[in-house]
Undergrad: 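To start, I am sharing the structure in question, which I have written as structure tokens.
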Amino acid sequence: MASLAEVRREEPEEEVSPMDPVARPEELRLLEALLFASAEPIDQATLAKRMPDGVDVKAALAQLQAEYAPRGVNLVRVANKWTFRTAGDLSWLMTRESTETRKLSRAAIEVLAIVAYHQPVTRAEIEEIRGVVTSKGTIDVLLETGWIRPRGRRKTPGRPLTFGTTDAFLSQFSLEALGDLPGLEELKGTGLLDSRLPTGFSVPSPSDDATLREDEEPLEPGDTLELLLAPAVEPEAEEPKAEAEATAEVETTAEAEVEADVASDADAAEPDAGEPEDRADHAGDEADTEDKGE
């Protein structure tokens, strides 16, 4: 029995012949090549110099433009020059979305950490924990990022807002739940906390429960982010007050100077008023001397 190697026959490979070009004027191919290779639009006169004699460049460009009209790349005329451009209805494919990375300030990071671990928490409670006043802009930045949100209002005088984290916060920091935040021992191990902490120091365990607590009230329908936060102090409003205080100081200084001048004039006038008395005293002394002499 013959082996497979013996019966194997070499079959000639089918030669793939290139497709015959579609009957198309040669000048169109030349124009196509010139326009495609050019980095800048080309005017008709420059194209005519590169084309064979007798070619109607204007008619060839019109025909080429018609061929590319339904395609993803169109032949367009810009400032009397010709070039290939992406079809207008496909321009959205060329749009590039870029993400701008902004670094949070130290104050924003501290506020975010306090909200994450102590939520629901009010602005006053955040300031008490940090030990410094929290500016309105810091909370605004965290609200804009979508990492914190207003939960409700505390049932205390003034009804302050309570803040909590959002799902975007969990997604940003790759957390499945708030319980995945590092605890006290983990923070110590990573060096984020000093190993020598005060006695009784603890890290609260945050909760994912979005239900309002007993000391919270739901937000009212008319509440908006613009009205939820206290308005910032406008520096322009303080300028008139400062100017008024400066004017008052100037007026007070002027009054003091006038009083001082009046007092100086009075002191200068006192010796003059006392001169007659001094003369009378001297006259009396002279009279007594004469009497004694007699």
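Computed over heavy atoms, backbone and side chain alike; hydrogens, waters and symmetry mates excluded.
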Undergrad: Is it true that a side-chain atom of Glu144 and a backbone atom of Val141 form a donor plus acceptor pair closer than 3.5 Å?
TA: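 Checking the backbone N and O of Val141 against the side chain of Glu144, no donor-acceptor pair under 3.5 Å is found.
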Undergrad: Is there a side-chain contact between Phe169 and Thr145, using heavy atoms and a 4.5 Å cut-off?
TA: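 A side-chain contact is absent here, since even the closest heavy-atom pair is not under 4.5 Å.
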Undergrad: Leu61, Leu30: one ILVMFWY side-chain cluster at the under-4.5 Å cut-off?
TA: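 Linked, Leu61 and Leu30 end up in one cluster.
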Undergrad: Take a 6.0 Å sphere around CD of Gln65 and say whether it holds more than 12 heavy atoms from other residues, nucleotides or ligands.
TA: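 Enclosed: over 12 neighbouring heavy atoms sit under 6.0 Å from CD of Gln65.
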Undergrad: Might you confirm whether atom CZ of Arg71 has over 12 heavy atoms from other residues, nucleotides or ligands at distances under 6.0 Å?
TA: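 Atom CZ in Arg71 is crowded, with more than 12 foreign heavy atoms closer than 6.0 Å.
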Undergrad: Contact between Phe163 and Ile139 at the side-chain level, heavy atoms closer than 4.5 Å - yes or no?
TA: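 A side-chain contact exists here, since the closest heavy-atom pair is under 4.5 Å.
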Undergrad: Given 3.5 Å as the limit, does a donor-acceptor pair link the side chain of Glu125 with the main chain of Thr122, or not?
TA: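 It does hold such a pair.
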Undergrad: At their closest point, which heavy atom of Pro160 faces which heavy atom of Pro157, and how far apart are they?
TA: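 Looking at all heavy atoms of both residues, the closest pair is CD-O, 4.1 Å.
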Undergrad: Give a yes or no on whether the backbone of Gly183 and the side-chain of Glu186 come within a donor-acceptor separation of less than 3.5 Å.
TA: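 Present.
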Undergrad: Which residue is it: Ile42, Leu31, Leu34? I am looking for the one with a side chain to side chain contact (heavy atoms under 4.5 Å, CB included) to Arg50.
TA: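 Testing Arg50 for a side chain to side chain contact (heavy atoms under 4.5 Å, CB included) against Ile42, Leu31, Leu34 leaves exactly one candidate, Leu34.
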Undergrad: Distance check, rounded to the nearest 0.5 Å: Arg151 atom CZ versus Thr211 atom OG1?
TA: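 Going from CZ on Arg151 over to OG1 on Thr211, the span is 8.0 Å.
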Undergrad: Give me the atom names and distance for the closest heavy-atom approach of Ser135 to Arg123.
TA: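 So the minimum-distance heavy-atom pair works out to C-NH2, 3.8 Å.
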Undergrad: Output the distance between atom OH (Tyr117) and atom CG (Leu112), rounded to the nearest 0.5 Å.
TA: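 Separation between the atoms: 10.5 Å.
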Undergrad: Are Glu216 and Arg213 ion-paired here, with the side-chain N under 4.0 Å from a carboxylate O?
TA: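 The answer is no: the pair does not qualify as a salt bridge.
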Undergrad: Would a 4.5 Å heavy-atom cut-off, applied to side chains only, mark Asp180 and Leu170 as touching?
TA: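 No - every pair of side-chain heavy atoms lies 4.5 Å or more apart.
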Undergrad: Is there a donor in the side chain of Thr83 and an acceptor in the side chain of Glu40, or the other way round, less than 3.5 Å apart?
TA: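 On atom types as modelled, these side chains do not qualify, holding no pair under 3.5 Å.
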Undergrad: Would you give the length of the straight line joining atom OG1 of Thr138 to atom CG of Leu143, rounded to the nearest 0.5 angstrom?
TA: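 With rounding to 0.5 Å, OG1 (Thr138) is 11.0 Å from CG (Leu143).
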Undergrad: Within the structure provided, determine whether Val76 and Trp82 are in side-chain contact (heavy-atom separation under 4.5 Å).
TA: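 Result no, sub-4.5 Å side-chain heavy-atom pair not found.
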Undergrad: Could you tell me whether a side-chain N or O of Asn74 sits under 3.5 Å from a main-chain N or O of Ala69, the two making a donor and an acceptor?
TA: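 Yes, the answer is positive, given that a donor and an acceptor are paired below the 3.5 Å cut-off.
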Undergrad: Under the 3.5 angstrom rule, does the side chain of Ser38 hit a backbone N or O of Leu35 as a donor-acceptor pair?
TA: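 Answer holds: no.
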Undergrad: If I compare all heavy atoms of Gly88 with all of Ser91, which pair ends up nearest, and what's the gap?
TA: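 Looking at all heavy atoms of both residues, the shortest contact is O-OG, 3.1 Å.
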Undergrad: Checking the side chain of Asn80 only, and the main-chain atoms of Arg77 only, is there a donor and an acceptor separated by less than 3.5 Å?
TA: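 No.
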Undergrad: Compare every heavy atom of Pro206 with every heavy atom of Ala116, then report the nearest pair and how far apart it is.
TA: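 In terms of heavy atoms, the two residues are closest at O-CB, 3.1 Å.
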Undergrad: Salt-bridged, Glu110 to Arg130, with N to O below 4.0 Å?
TA: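 Salt bridge present between Glu110 and Arg130.
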Undergrad: Between Glu217 (side chain) and Gly152 (backbone), is there a donor-acceptor pair under 3.5 Å?
TA: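 Looks like no, no N/O pair under 3.5 Å.
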Undergrad: Do Glu67 and Leu28 come close enough that some side-chain heavy atom pair is under 4.5 Å?
TA: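 Glu67 reaches Leu28 side chain to side chain.
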Undergrad: Could you give the distance from CZ (Arg149) to CG (Leu161), rounded to the nearest 0.5 Å?
TA: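 If we round to the nearest 0.5 Å, Arg149:CZ and Leu161:CG are 11.5 Å apart.
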Undergrad: Does Glu127 use its side chain to pair, donor to acceptor, with the backbone of Val132 at less than 3.5 Å?
TA: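 No; judged by distance alone, with no hydrogens or angles, the pair does not exist.
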Undergrad: As a test of understanding, state which of Val111, Ile126, Ile148, Thr162 forms a side chain to side chain contact (heavy atoms under 4.5 Å, CB included) with Val121.
TA: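 Among the candidates, only Ile126 passes.
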Undergrad: Quick check: does any side chain N or O of Thr86 sit under 3.5 Å from a backbone N or O of Val73, one acting as donor and the other as acceptor?
TA: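 Absent.
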Undergrad: Do Leu178 and Gln119 come close enough that some side-chain heavy atom pair is under 4.5 Å?
TA: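 Side chain of Leu178 against side chain of Gln119, heavy atoms only: contact under 4.5 Å found.
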Undergrad: Only one of Arg154, Arg153, Lys155 passes side-chain hydrogen bond (donor to acceptor under 3.5 Å, both in side chains) with Asp215; say which it is.
TA: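 When Arg154, Arg153, Lys155 are each tested with Asp215, the side-chain hydrogen bond (donor to acceptor under 3.5 Å, both in side chains) holds only for Arg154.
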Undergrad: CD1/Ile114 to CD/Glu128 distance, rounded to the nearest 0.5 angstrom?
TA: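 The CD1 atom of Ile114 sits 10.5 Å away from the CD atom of Glu128.
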Undergrad: With side-chain contact (heavy atoms from CB on, under 4.5 Å) as the test, would you mind laying out the steps for Val78 and Arg85 before giving the verdict?
TA: CA-CA 10 Å; Val78 180; Arg85 293 283 175 86; 4.2 Å; yes
Undergrad: Under the salt bridge (Lys or Arg N to Asp or Glu O under 4.0 Å) rule, what do Glu220 and Arg159 come out as? Steps first, then yes or no, please.
TA: CA-CA 11 Å; Glu220 298 177 357; Arg159 301 178 65 246; 3.6 Å; yes
